[in-house]
J.: 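Got a structure here, written out as structure tokens. Questions coming.
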Amino acid sequence: MSTRRTAPKPRTRKPKWEPIVRTAIIEPPPDTRDYPFSLPAIRDLRRVDFTSPVTFLVGENGSGKSTLIEAIAIAAGLNPEGGSRNFNFSTLATHSSLHQYTRLVRGPRRERFGYFARAESFYNVASEIQRLGVSGYGPDRAPVSLHVRSHGEAFIDLMTYRLEPRGFYVFDEPEAALSPARQLACLALIRRLVRQDSQFLIATHSPIIMAYPGATILHLGDEGLRPIEYENTEHYAVTKEFLNNRAAILDELFRHE
């Protein structure tokens with residue numbers, strides 16, 4: 001008795017990822033002595049390439065991460081203090097001139113939505129949302145005052161109910177609002193939006209958030225901008241060392257008191 005073999009089904013090839021923003025080109029002025037070009041990391045920076053759906057900018061305080069991410073957000077048409085393109089309010093103009101010298105090279109597809117979320121001015125954004133009566137920040141897209149929510153709850157509400165598929169999203173230190181558990185929830189929400197063809201650029205100090213699988217991590221420092229593996233970041237190394245040797249590290253830290 002002959003057995004009939006069924007031909008294996010052909011594998012469907014996963015479509016190649018196409019960026020919304022492919023590259024940020026920086027063309028500095030002739031005189032680079034003034035801020036922000038006085039920053040070592042920014043002085044010789046000419047381009048930032050985005051090669052994966054999620055890109056992290058990491059580095060020490062004062063390295064220029066927020067300055068760079070702010071310039072890219074403004075170049076993408078987003079409000080400097082945060083929000084979408086429809087937000088045009090200004091509480092205090094503190095952004096640098098870097099956006100004036102930053103040009104975005106876009107990919108073959110355009111975003112349907114964009115949002116700039118920055119920890120330091122989230123309160124101002126929440127006030128503007130309340131003033132405008134913007135819908136979409138709660139279940140059933142009902143208007144919800146973010147001021148009656150904690151900072152972390154408001155940020156998760158923003159990601160859950162407001163951000164849309166095929167968006168270009170710029171986050172500046174989202175961990176400032178989030179507990180470790182909420183940072184994990186943030187990762188799950190990023191994953192959902194990435195699967196809906198969104199792209200993220202995130203400046204962070206959080207070893208939890210920067211652990212997103214397959215992300216590109218770019219380190220900004222005195223040597224400029226360079227790719228770095230997750231396990232080689234100072235954030236991962238210091239956190240791991242502290243958790244594994246907490247008593248010894250604290251003892252050494254306070255030894256001379």
J.: Can you tell me how far CD of E175 sits from CD1 of I209, rounded to the nearest 0.5 angstrom?
T.: 5.0 Å
J.: With respect to E111, which candidate in Q199, R106, R166 satisfies the side chain to side chain donor-acceptor pair (under 3.5 Å) definition?
T.: R106
J.: Quick check: do T102 and E27 have side-chain heavy atoms less than 4.5 Å from each other?
T.: no
J.: Do you know the tightest heavy-atom contact between L98 and P36?
T.: CB-CG, 3.8 Å
J.: Any chance the side chains of T55 and T216 put a donor and an acceptor closer than 3.5 Å?
T.: no
J.: Under a 3.5 Å distance rule, please check whether T233 uses its side chain to pair with a backbone N or O of Y230 as donor and acceptor.
T.: yes
J.: How about L78 and V170: do any of their side-chain heavy atoms sit closer than 4.5 Å?
T.: yes
J.: Would you compute the distance between atom CZ of F168 and atom OG of S198 and round it to the nearest 0.5 angstrom?
T.: 11.0 Å
J.: Closest heavy-atom contact between V194 and P53?
T.: CG1-CB, 3.8 Å
J.: Does S38 reach the side chain of R33, with side-chain heavy atoms less than 4.5 Å apart?
T.: no
J.: To the nearest 0.5 Å, what is the distance between CG on L45 and CG on L68?
T.: 6.0 Å
J.: Hey, is K65 close enough to E60 for a salt bridge, meaning N to O under 4.0 Å?
T.: no
J.: Please verify the inter-ring angle class for F200 with F171; under 30° counts as parallel, over 60° as perpendicular, anything in between as tilted.
T.: perpendicular
J.: Should N79 and F116 count as side-chain neighbours, where that means a heavy-atom distance under 4.5 Å?
T.: no
J.: Any chance you could measure D197, atom CG, to E18, atom CD, to the nearest 0.5 Å?
T.: 10.5 Å
J.: Per the ring-ring contact (aromatic ring centres under 6.0 Å, His included) rule, what does the pair list look like for residues 50-85, sequence neighbours excluded?
T.: none
J.: For I26 and F37, what are the C-alpha separation, side-chain angles and deciding distance, and is it a side-chain contact (heavy atoms from CB on, under 4.5 Å)?
T.: CA-CA 11 Å; I26 298 172; F37 294 99; 4.2 Å; yes
J.: Show your working on side-chain contact (heavy atoms from CB on, under 4.5 Å) between D172 and E70 and close with a plain yes or no.
T.: CA-CA 8 Å; D172 187 13; E70 171 191 84; over 6 Å; no
J.: So do S63 and L39 actually touch side chain to side chain, heavy atoms under 4.5 Å?
T.: no
J.: Can I get a per-line list of side-chain donor-acceptor pairs under 3.5 Å for residues 221-229, giving both atom names and the distance, sequence neighbours left out?
T.:
unit_1 : atom_1 : unit_2 : atom_2 : d
E223   : OE2    : H219   : ND1    : 3.1
E223   : OE2    : R226   : NE     : 2.9

J.: Rounded to the nearest 0.5 Å, what's the gap from SG on C186 to OH on Y212? Could you check?
T.: 10.5 Å
J.: If we check side-chain contact (heavy atoms from CB on, under 4.5 Å) with L104, which of these qualifies: V21, I20, I25?
T.: V21
J.: Can you give the donor-acceptor pairs under 3.5 Å from side chains of residues 236-243 to other protein atoms, not counting sequence neighbours?
T.:
unit_1 : atom_1 : unit_2 : atom_2 : d
T239   : OG1    : H235   : O      : 2.7
E241   : OE2    : N245   : ND2    : 3.2

J.: Please evaluate residues T23 and V48 with respect to the criterion side-chain contact (heavy atoms from CB on, under 4.5 Å), reporting the C-alpha separation (whole Å), side-chain torsions for both, the decisive distance (0.1 Å), and the verdict.
T.: CA-CA 6 Å; T23 304; V48 183; 6.0 Å; no
J.: Distance alone, cut at 3.5 Å: any donor-acceptor contact between the side chains of Y35 and S97?
T.: no
J.: Given side chains that start at C-beta, do those of H205 and V58 come closer than 4.5 Å, heavy atoms only?
T.: no
J.: Would R162 and F113 count as a side-chain contact (heavy atoms from CB on, under 4.5 Å) here? Give the steps.
T.: CA-CA 10 Å; R162 183 62 178 172; F113 190 71; 3.9 Å; yes
J.: Working to the nearest 0.5 Å, report the span between CD1 of I208 and CZ of R182.
T.: 13.5 Å
J.: Ion pair present between R112 and E164, side-chain N to carboxylate O less than 4.0 angstrom?
T.: no
J.: What heavy-atom pair brings P29 and T32 nearest, and what distance separates the two atoms?
T.: O-CG2, 3.4 Å
J.: Side chains of Y169 and L163, heavy atoms from C-beta outward: is any pair under 4.5 Å?
T.: yes
